[in-house]
Enquirer: 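Pasting in a structure now, in structure tokens, and then I'll have a few things to ask.
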Amino acid sequence: MLVPSSLPPKLSNSALFHFRIKSSSFFAFFTSSTPLLRAAIPSSLAQLLKQCKSCIKAKLVVAGSFSPSAESTIWSSQIVFYWNNLIKRSVILRHHKSALVLFREMLRLDWNPDGYTYPYVLKACGELRFLLCGESVHSLILASGLDSNVFVCNGLIAMYGKCGQLGHARQVFDETVVRGTADVISWNSIVAAYVQKDEDKKVLELFDLMVSLNSFELRPDAVSLVNVLPACGSLGAWKRGKQLQGYAIRRCLHEDVFVGNAIVDMYAKCKRLDDANKVFELMEVKDVVSWNALVTGYSQIGRFDEALGLFERMREEKIDLNVVTWSAVISGYAQRDLGYEALNIFKEMRLSGAEPNVITLVSVLSGCAAIGALRQGKETHCYAIKQMLSLEDSNTEEDLMVTNALIDMYAKCKEMKIAQAMFDEIDRRDRNVVTWTVMIGGYAQHGDANDALELFSAMLKDEYSVIPNAYTISCGLVACSRLSSLRIGRQIHAYVLRQGYEPTIVFVANCLIDMYSKSGDVDAARLVFDNMSQRNTVSWTSLMTGYGMHGRGEEALQVFNVMRGEGLPIDGVTFLVVLYACSHSGMVDEGMNYFNHMQGDFGVVPGAEHYACMIDILGRAGRLDEAMKLIERMPMEPTSVVWVALLSACRVHKNVDLAEHSAAKLSELESENDGTYTLLSNIYANAKRWKDVARIRSLMKHTGIRKRPGCSWVQGKKETVTFFVGDRCHPMSEKIYDLLENLIHRIKAMGYVPETSFALHDVDDEEKGDLLIEHSEKLALAYGILTSAPGVPIRITKNLRVCGDCHTAMTFISKIIEHEIILRDSSRFHHIKNGSCSCRGFW
């Protein structure tokens with residue numbers, strides 16, 4: 001027999017704590033018993049009980065007037081019967097602490113519990129998750145010889161299961177099976193224990209074993225099905241669930257509302273909502289759980305029309321909407337990034353008087369995060385503080401769920417300081433994988449990607465050993481993508497391979513494809529793609545985007561044709577990627593062809609973003625008149641992206657009049673930013689219209705718009721080094737500038753002529769040449785040459801578009817150094833080697 005950790009002869013005050021008793025219900029039960037029960041009580045005791053004002057006084061009377069030694073065995077068993085009923089009543093009323101106090105008092109007065117006492121006491125321990133208390137009760141059971149009583153054993157199995165001690169629960173169960181005393185409740189109890197621990201496969205194995213015994217006494221009942229069907233839903237085993245539904249129909253168990261709800265929920269979790277709806281409509285008796293299962297199912301798979309239709313039906317039929325109903329609808333909107341709709345439903349919920357729970361608040365905060373609704377997010381934060389986070393008896397796990405959601409909301413609203421402060425307030429021991437992930441993801445997507453990688457590293461080194469999950473890995477890879485940090489990206493990939501994420505989780509592999517593409521190694525991205533056992537649309541479009549940004553348009557179109565052959569859906573995003581690839585590879589005719597046929601052949605209506613891509617394609621090729629005519633033919637109003645694409649083309653092809661027209665349109669749309677003003681200023685500078693340059697700069701100053709400083713970073717042997725224009729802060733600055741002067745001198749002899757138009761100042765040409773040397777990408781290149789071994793690629797990233805003179809100079813320099821220069825700017829990649837660039841002038 002399983003022996004608990006301690007075997008005290010009697011429950012001590014340390015094991016069963018003193019709790020205040022809400023005793024009116026117990027006394028009411030005692031004094032309102034049936035006449036037959038009252039007749040069995042000695043008249044003196046009954047009279048005293050009637051005079052008592054509380055259950056505690058009644059127990060004191062019992063303690064002072066009667067004792068087991070003074071009465072017969074029959075009287076003793078009657079008194080135990082009364083104690084059992086008091087304890088049972090407490091458990092039924094969910095006053096579990098009071099039940100334990102009654103049990104302790106029963107022992108103090110030397111009454112001996114029997115086989116009917118312990119199941120209720122064990123249930124109270126289980127509901128309160130008081131493991132030590134439950135083990136102490138187990139000790140008493142062993143001492144009393146009731147360890148073979150099937151009712152007591154079933155109580156022990158359930159108690160250990162609810163306290164998370166699956167091993168203990170299984171050991172007690174196995175002993176009942178060996179003794180041959182296990183009944184269907186024993187099986188249901190152990191199955192419920194495995195369900196609580198999410199051991200879904202084990203649940204099905206135990207159910208199969210139970211059925212294989214082919215015993216009439218052990219035939220699965222309604223409780224068995226209610227336990228097993230959720231496991232089928234979690235595993236997506238709808239065929240298995242359908243078999244259980246057939247069994248329920250044969251045994252007429254499907255008429256039980258709990259079984260019906262479990263079947264509906266199983267089909268909903270398996271995303272077979274049509275089957276779930278059929279079962280739902282055939283149910284003669286429905287409760288709010290029935291409706292909630294279907295509403296939640298529709299919300300989770302994005303079928304909001306059906307979900308809202310059911311929601312409205314519930315209102316029409318005056319079904320009481322509980323917190324689960326409201327939360328399901330709010331969560332559905334939040335998951336689809338429909339934050340305003342989620343907030344509106346939340347307002348309706350509060351007006352209805354329903355109290356939000358943790359799931360509701362997490363869903364509302366998710367909706368706020370999706371739309372950047374900082375004010376509403378702060379209001380929800382205040383509500384959480386008042387209603388949950390400040391309570392002394394609040395659930396720590398639930399508090400952490402809300403705190404994690406708050407960190408995520410603040411991060412996505414770009415309030416990284418508040419998010420970091422909340423993260424720091426959580427004790428290191430209490431942080432879970434979600435806490436780390438939302439913080440890392442916040443920095444990766446909305447803050448400093450370097451901070452994201454530092455936090456990721458700190459997580460791996462944390463003394464409390466929180467293991468990153470697939471979402472954490474994805475956030476780390478996103479940070480690498482932003483920084484073009486190939487070295488760290490490779491390290492994370494190695495971690496992924498060791499931990500086994502890649503074969504089973506598609507989005508991790510998709511993030512790897514994106515990381516390698518944006519870090520300059522599109523061939524590695526292709527290897528990841530080829531080794532994927534499963535692919536989705538994102539996998540294909542990520543690879544095509546990678547080929548496009550590296551100027552390998554033909555390969556991008558080959559991938560697109562294979563994707564079509566696989567029968568995958570082709571949507572607007574796919575065509576956006578195709579047009580992007582054509583634009584960066586100078587494939588004008590191919591781009592025009594796909595654009596003209598996307599609606600007729602694929603049923604995809606071109607949107608403003610597709611037109612912007614076509615303007616970019618035509619503009620890069622110098623066909624500005626055709627680009628302008630296409631804008632005039634647009635079936636919708638041109639967006640700011642369209643005019644920016646045209647303005648960029650005007651910069652390359654020096655069309656001042658069209659540039660001014662584009663800038664005017666952007667002004668009308670109130671879409672001016674530092675990039676717009678800088679482009680127009682550069683166009684005026686190229687045309688030597690210095691007064692207009694001064695006017696634009698004055699306008700920027702008065703409107704508070706500041707030009708982003710250009711910076712470039714290069715990957716060295718051990719670290720990444722950042723340079724700004726004219727930067728002389730690095731310890732190697734003297735060597736860097738000396739090397740640059742030497743390189744410029746050598747390439748001038750090869751025919752290089754500085755493009756002084758990119759030194760946008762009204763100074764003489766000689767001074768402009770000196771200014772060009774100080775550009776950040778040139779400084780980064782010189783550092784890379786000084787610190788890299790021969791033959792190793794030099795990887796440079798610039799936050800803005802690469803300077804035209806720097807591009808030309810690097811092309812010449814590539815003829816005299818033993819390195820390939822891989823330069824990523826804000827638009828694309830440039831692979832410069834042996835005097836040629838992969839962009840072929842289309843940049």
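The figures here come from the full heavy-atom set of this structure, side chains too, leaving out hydrogens, waters and symmetry mates.
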Enquirer: When you look at Y752 and D805, which way does the side-chain hydrogen bond (donor to acceptor under 3.5 Å, both in side chains) test go after all the steps?
Expert: CA-CA 10 Å; Y752 162 71; D805 176 73; 2.7 Å; yes

Enquirer: Could you grab the distance from atom CZ of R623 to atom CE of M614, nearest 0.5 Å is fine?
Expert: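 The CE atom of M614 is 8.0 Å from CZ of R623, to the nearest 0.5 Å.
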
Enquirer: Suppose we call two aromatic rings close when their centres sit under 6.0 Å apart. Are Y594 and F560 close by that rule?
Expert: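 Yes; F560 has its ring centre under 6.0 Å from that of Y594.
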
Enquirer: Could you go step by step and tell me if V721 and W713 meet the side chain to side chain contact (heavy atoms under 4.5 Å, CB included) rule?
Expert: CA-CA 5 Å; V721 180; W713 54 97; over 6 Å; no

Enquirer: So does D738 get a backbone contact from the side chain of N742, meaning a donor-acceptor N/O pair under 3.5 Å?
Expert: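 Answer holds: no.
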
Enquirer: Can a side-chain donor-acceptor contact be found between T574 and D571 if the only test is distance below 3.5 angstrom?
Expert: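 Yes, a side-chain donor-acceptor pair sits under 3.5 Å.
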
Enquirer: Looking at the rings of F575 and H610, which for Trp means the six-membered one, are their centres under 6.0 Å apart?
Expert: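 No; H610 has its ring centre 6.0 Å or more from that of F575.
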
Enquirer: Hey, does the side chain of H831 reach the backbone of S838 with a donor-acceptor pair shorter than 3.5 angstrom?
Expert: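 Answer holds: no.
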
Enquirer: Any luck finding a side-chain donor-acceptor pair between S481 and D514 under 3.5 Å?
Expert: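 Side-chain D/A pair, S481 to D514: present.
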
Enquirer: Would you check if the side chain of E777 reaches a backbone N or O of C803 as a donor-acceptor pair within less than 3.5 Å?
Expert: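 Side chain of E777 to backbone of C803, a donor-acceptor pair under 3.5 Å: yes, one is there.
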
Enquirer: Would a 4.5 Å heavy-atom cut-off, applied to side chains only, mark F724 and S776 as touching?
Expert: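 Not touching, per the 4.5 Å side-chain cut-off.
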
Enquirer: Could you label the plane-to-plane angle of the H730 and F723 rings as parallel, tilted or perpendicular, counting under 30° as parallel and over 60° as perpendicular?
Expert: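 Plane angle between 30° and 60°, so tilted.
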
Enquirer: Show your reasoning for whether ring pair (Phe, Tyr, Trp, His ring centres under 6.0 Å) applies to W690 and Y684.
Expert: CA-CA 7 Å; W690 301 113; Y684 284 138; over 10 Å; no

Enquirer: Any side-chain donor paired with an acceptor under 3.5 Å for Y443 and Q420?
Expert: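 Q420 and Y443 do have a side-chain donor-acceptor pair below 3.5 Å.
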
Enquirer: Locate the shortest heavy-atom distance separating K518 from S484; write the atom from each residue and the value.
Expert: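 Looking at all heavy atoms of both residues, the closest pair is O-OG, 2.9 Å.
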
Enquirer: Look up atom CG in L823 and atom OG in S712, then write down how far apart they are to the nearest 0.5 Å.
Expert: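 Here the rounded value is 7.5 Å.
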
Enquirer: Any side-chain heavy atom of D657 sitting closer than 4.5 Å to one from N655?
Expert: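 Result yes, sub-4.5 Å side-chain heavy-atom pair found.
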
Enquirer: Please tell me if the side chains of L374 and Y410 come closer than 4.5 Å, counting only heavy atoms from C-beta onward.
Expert: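 Counting from C-beta outward, L374 and Y410 do come under 4.5 Å.
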
Enquirer: Shortest non-hydrogen contact from V508 to S474?
Expert: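 Smallest heavy-atom distance, with atoms named: CG2-OG, 4.1 Å.
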
Enquirer: Do the side-chain N and O atoms of Q376 and Y340 include a donor-acceptor pair separated by under 3.5 angstrom?
Expert: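 Result is no, nothing qualifies.
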
Enquirer: Between R552 and D523, does the salt bridge (charged side-chain N to carboxylate O under 4.0 Å, His left out) criterion hold? Intermediate values first, please.
Expert: CA-CA 11 Å; R552 294 161 66 169; D523 293 323; 3.0 Å; yes

Enquirer: S681 side chain to Y677 main-chain N or O, any donor-acceptor pair under 3.5 Å?
Expert: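 A pair under 3.5 Å: no.
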
Enquirer: Any side-chain heavy atom of C475 within less than 4.5 Å of one from F456?
Expert: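 Not in contact.
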
Enquirer: Side chains of Y611 and D616: donor-acceptor distance under 3.5 Å anywhere?
Expert: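 The criterion, which ignores hydrogens and geometry beyond distance, is not satisfied for D616 and Y611.
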
Enquirer: Donor-acceptor check, side chain of S733 to backbone of R728, threshold 3.5 angstrom: yes or no?
Expert: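 Flag set: sc S733 to bb R728 pair under 3.5 Å.
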
Enquirer: Would you check, one step at a time, whether the test salt bridge (charged side-chain N to carboxylate O under 4.0 Å, His left out) holds for R689 with E660?
Expert: CA-CA 13 Å; R689 291 170 55 170; E660 289 179 327; 3.1 Å; yes

Enquirer: With side chains defined as the heavy atoms from C-beta onward, is the minimum distance between H661 and W643 less than 4.5 Å?
Expert: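 Side-chain contact under 4.5 Å: yes.
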
Enquirer: Of all the heavy-atom pairs spanning D337 and A370, show the shortest one and how long it is.
Expert: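 Answer, listing the atom of D337 first, then A370: OD1-CB, 3.5 Å.
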
Enquirer: For a quick test of reading the model, state the closest non-hydrogen atom pair linking T722 to C711 and the distance between them.
Expert: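 Smallest interatomic distance, heavy atoms only, reads CG2-CB, 4.3 Å.
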
Enquirer: Looking at CG of L666 and OG1 of T676, how far apart are the two atoms once the value is rounded to the nearest 0.5 Å?
Expert: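 The distance works out to 5.0 Å.
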
Enquirer: Does atom CG of D625 have more than 12 heavy-atom neighbours, drawn from other residues, nucleotides or ligands, at distances under 6.0 Å?
Expert: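 Count not over threshold, so no.
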
Enquirer: Any side-chain heavy atom of N834 sitting closer than 4.5 Å to one from K815?
Expert: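 N834 does not reach K815 side chain to side chain.
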
Enquirer: Between S585 and G553 (side chain of the first, backbone of the second, donor and acceptor by atom type, cut-off under 3.5 Å), is there such a pair?
Expert: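 Yes, because the side chain of S585 sits within donor-acceptor range (under 3.5 Å) of the backbone of G553.
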
Enquirer: Going from CE on M515 to CG on D521, what distance comes out if it is rounded to the nearest 0.5 angstrom?
Expert: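 Going from the CE atom of M515 to the CG atom of D521 covers 8.5 Å.
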
Enquirer: If we check side-chain hydrogen bond (donor to acceptor under 3.5 Å, both in side chains) with S539, which of these qualifies: T537, N536, T541?
Expert: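 Option passing the side-chain hydrogen bond (donor to acceptor under 3.5 Å, both in side chains) with S539: N536.
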
Enquirer: Would you say that M549 contacts R824 through its side chain, given a criterion of any heavy-atom pair below 4.5 Å between the two side chains?
Expert: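 Counting from C-beta outward, M549 and R824 never come under 4.5 Å.
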
Enquirer: Which heavy-atom pair separates L624 from L658 by the least distance, and what is that distance?
Expert: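 Closest pair (atom of L624, atom of L658, distance): CB-CD2, 4.0 Å.
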
Enquirer: Are the side chain of H597 and the backbone of N593 linked by a donor-acceptor contact shorter than 3.5 Å?
Expert: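 Between the backbone of N593 and the side chain of H597 there is a qualifying donor-acceptor contact (under 3.5 Å).
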
Enquirer: Please determine whether the number of non-hydrogen atoms from other residues, nucleotides or ligands lying under 6.0 Å from atom CZ of R336 exceeds 12.
Expert: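 No, the 6.0 Å shell around CZ holds no more than 12 heavy atoms from other groups.
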
Enquirer: Distance check, rounded to the nearest 0.5 Å: T808 atom OG1 versus I813 atom CD1?
Expert: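 Spacing of OG1 (T808) from CD1 (I813) equals 10.5 Å.
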
Enquirer: Would you call D692-R695 a salt bridge at under 4.0 Å N-O?
Expert: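 Yes.
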
Enquirer: Given the rule in the side chain to side chain contact (heavy atoms under 4.5 Å, CB included) test, do E774 and L740 qualify, once you have shown the distances and angles that lead to the verdict?
Expert: CA-CA 9 Å; E774 297 181 346; L740 274 178; over 6 Å; no

Enquirer: Run the salt-bridge test on E741 and K748 with the 4.0 Å N-O cut-off and return the result as yes or no.
Expert: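 So E741 does not pair with K748 through a salt bridge.
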
Enquirer: Is there side-chain contact between S517 and T545, with at least one heavy-atom pair below 4.5 Å?
Expert: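 Counting from C-beta outward, S517 and T545 never come under 4.5 Å.
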
Enquirer: Applying side chain to side chain contact (heavy atoms under 4.5 Å, CB included) to T787 and M732, what does each step give before you reach the verdict?
Expert: CA-CA 10 Å; T787 58; M732 296 177 63; 4.2 Å; yes

Enquirer: I'd like to know whether the aromatic ring centres of F829 and H584 sit less than 6.0 Å apart in this structure.
Expert: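 Ring centroids of F829 and H584 are no less than 6.0 Å from each other.
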
Enquirer: Which atom names give the shortest non-hydrogen contact between S836 and S814, and what distance separates them?
Expert: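 Heavy-atom minimum between the residues: N-OG, 4.4 Å.
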
Enquirer: Would you confirm whether S698, through its side chain, and A694, through its main-chain N or O, come within 3.5 Å as a donor-acceptor pair?
Expert: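 Not at all, since once roles are kept as given, no pair shorter than 3.5 Å links the two residues.
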
Enquirer: Between I816 and M750, does a side chain to side chain contact (heavy atoms under 4.5 Å, CB included) hold up when you go through it step by step?
Expert: CA-CA 10 Å; I816 57 177; M750 298 167 60; 3.8 Å; yes

Enquirer: Tell me whether R535 contacts the main-chain N or O of F529 through its side chain, where contact means a donor paired with an acceptor under 3.5 Å.
Expert: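 Yes, because the side chain of R535 sits within donor-acceptor range (under 3.5 Å) of the backbone of F529.
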
Enquirer: Quick one: CG on L618 to CZ on F595, what's the gap to the nearest 0.5 Å?
Expert: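 Answer for the CG-CZ pair, L618 versus F595, is 9.5 Å.
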
Enquirer: Out of H830, R795, K833, Q715, which one pairs with I822 under the side chain to side chain contact (heavy atoms under 4.5 Å, CB included) rule?
Expert: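 So, applying the side chain to side chain contact (heavy atoms under 4.5 Å, CB included) to I822 and each of H830, R795, K833, Q715, only R795 qualifies.
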
